[in-house]
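Chain letters run A, B, ... following the sequence lines, proteins first, then strands; residues in each count from 1.
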There are 2 protein chains.
Amino acid sequence: MTEATRRERLRAETERDIRRQARALLVEHGRDAVTLRAIARELGITAPALYRYYDSREDLLRRLAEDICTDLAARLNADLESITEDDVSAQVFAVCRGFRRWALAHPQEFALVFASTEDTLGRGGPDDHNQVGDQFGRIFLEVAGRLIAGHPLPDEVSADVPEDLHADLAAFQKVLLATVNDHGVGVDEQVLSLGAVYHITQSWVRIYGHVALEVFGRFPFALANPEPLFDSMLAEIMGGMGLSQQP
Amino acid sequence: MTEATRRERLRAETERDIRRQARALLVEHGRDAVTLRAIARELGITAPALYRYYDSREDLLRRLAEDICTDLAARLNADLESITEDDVSAQVFAVCRGFRRWALAHPQEFALVFASTEDTLGRGGPDDHNQVGDQFGRIFLEVAGRLIAGHPLPDEVSADVPEDLHADLAAFQKVLLATVNDHGVGVDEQVLSLGAVYHITQSWVRIYGHVALEVFGRFPFALANPEPLFDSMLAEIMGGMGLSQQP
DNA sequence: TCAACTTCGTAAACACCGTTCACTGAACGT
DNA sequence: ACGTTCAGTGAACGGTGTTTACGAAGTTGA
């Protein structure tokens, strides 16, 4: 049977309930509405009880952000399952569109995870790769890495990456190579060149930029339907890597 | 002398003081620290007095955001003054770098203005062009428009903008033309083509994307110095428009 | 000048909030 | 059976946004 004692089971259960309620409050009424008292009220307990589970409200929000990342990652991975393994281009489209769709459907969660000042959502020390949002970053980047793996960039694209960026990009390259290779695909730094890593980073900038602008309504003019703009950008990005686009 | 009565002068004065204190609190301790009571305390009055000036805390934050936009616009305009009028390329660099520099130096203000969900920072109805952040958008876009005006795009760049975007882009094109022409430069829609407008929009996406990622620390890997990445992106954008880059 | 009116600011109160602390009672290991 | 661990409580403290009734000035017109 379950090794866990009765107490441990109960604890895990209410911990899940707390996060679920917190999540509901965030989604429905925004970040400021995620109050300890409101959560406790909804759960039929008192606010100080929450301190048995979290150090503070800020701590709870931080963990909530991690949950959101995990969920987003799971969702995007699920979307990927339904795509034939060898059509990596379609996978990239799926991840990017899925990210946009999720962000638009969950603006509060997007804002919490992807648009919080570093000090409001604590990010301790230099544990660079355990940062919030990384869960998702991994997915996007891994898919992008796989894409490159099966389809080396045309030489002229990866021509000139600034000297100053070599060190940072090389470090990122190592992480990316490790991630991709962990999933069975064999790639080396010949294929996933520094130029490719640079291109991937720039793509992330554009995708994030569009999604954030759309979620926050900060496009410089009224867009009746921003979707074609996004798709066109996606096609442009893929095209710039020498790939065919698709609808 | 001043037409204003004594009361009106005093009112304007404390209104300025309120905003100034609110601003200071935002900058130093973040959005949540912008408290009516804290502001009042600092000003030597009581919190309810603030309701003579603002409908609510949210209202105050909204006006604060407008102030911030105005200041940013003024600052960037000042930077522009010091650049010879005919070197529009340099002007674009100045505005983009100035925007990044400002955002990094004022993360809390950036977050408030450029990364708030639409409903947390109220944006009533469809008064599309009075929206928060527009003040700045205008500057960026006007400079970009001037750039295009003096330097028509190569034909192949403005080739294919998606059919679905024509209407939105055309509307934006009209606004842009009006803005640019208001400042003396004569342009028509032959030069500032739909393709050019599209290109400008995509450039804004990239610039915003980079700056937001940097401010929020959401780059997928640790960047020792993100500046070369930004400059390289800028050069790429300018290059894509057939312009020479510069250091 | 003096009365009527407008406007800024106050004090008190209400309902919330995060957080701390001493405490109870049930589950737990032995 | 007994001491220990620990989830949860209730009261309290200081903080918050906001409303309300009220006083004290500034303003205005006769």
Which of D/dT18, C/dC17, D/dT16 is nearest the side chain of B/Ala38? It is D/dT16
What is the distance, to the nearest angstrom, from the CD1 atom on A/Ile45 to the C1' atom on C/dT19?
15 Å
Mutual orientation of the aromatic rings belonging to A/Phe99 and A/Phe114 [parallel < 30°, tilted 30-60°, perpendicular > 60°]:
perpendicular
Ignoring backbone atoms, test whether A/Arg7 places a side-chain nitrogen or oxygen under 4.0 Å from the OP1 or OP2 oxygen of C/dA26.
no
Measure from CD on A/Glu13 to C1' on C/dA27 and round the result to the nearest Å.
16 Å
Hey, does the side chain of B/Arg37 come within less than 4.0 Å of C/dC16's phosphate (OP1/OP2), counting only N and O?
no
Winner on side-chain proximity to A/Thr5, out of C/dC28, C/dG18, D/dG8, is C/dC28
Listed partners of B/Asp17 passing salt bridge (Lys or Arg N to Asp or Glu O under 4.0 Å), at least two apart
B/Arg20
Starting at atom CD of A/Glu8, determine the distance to atom C1' of D/dT5, rounded to an integer number of angstrom.
12 Å
Atom CG of B/Leu50 to atom P of C/dT10: distance rounded to whole Å?
9 Å
Distance check needed: D/dT16 C1' versus B/Arg31 CZ, whole Å only.
15 Å
Using the side-chain heavy atoms of A/Arg52, tell me which of these nucleotides is nearest: C/dC17, C/dA22, D/dT18.
C/dA22
Residue-phosphate contact under 4.0 Å: A/Thr46 side-chain N/O, D/dG8 OP1/OP2
no
Taking atom C1' of D/dT9 as reference, at what distance in whole Å does atom OH of A/Tyr53 sit?
13 Å
Starting at atom CG of B/Asp17, determine the distance to atom C1' of C/dG9, rounded to an integer number of angstrom.
15 Å
To the nearest angstrom, the CD1-C1' distance between A/Ile39 and D/dG8 comes to 16 Å
For B/Tyr54, which contact category applies under a 4.0 Å heavy-atom criterion: base, sugar-phosphate, or nothing?
nothing
Hey, does B/Arg57 reach any base, or is it just sugar-phosphate, or nothing, if we go heavy atoms under 4.0 Å?
sugar-phosphate
Taking for B/Leu10 and for B/Arg41 the nucleotide of DNA chain D with the nearest heavy atom, the one nearer the 5' end belongs to B/Arg41
Taking only N and O in the side chain of A/Arg11, is any of them less than 4.0 Å away from OP1 or OP2 of D/dA7?
yes
Is it true that A/Arg62 and A/Glu66 have a side-chain N and a carboxylate O under 4.0 angstrom from each other?
no
Could you check whether B/Tyr51 gets within reach of a base, just the sugar-phosphate, or nothing at all, counting any heavy atom under 4.0 Å?
base
Check every atom of C/dT10, D/dG10, C/dC8 against the side chain of B/Pro48 and return the nucleotide holding the closest atom.
C/dT10
Assign the ring pair A/Phe219 / A/His210 to parallel, tilted or perpendicular, where the plane angle (0 to 90°) is split at 30° and 60°.
perpendicular
Aromatic plane relationship, A/Phe221 with B/Phe172 - under 30° parallel, 30 to 60° tilted, over 60° perpendicular:
parallel
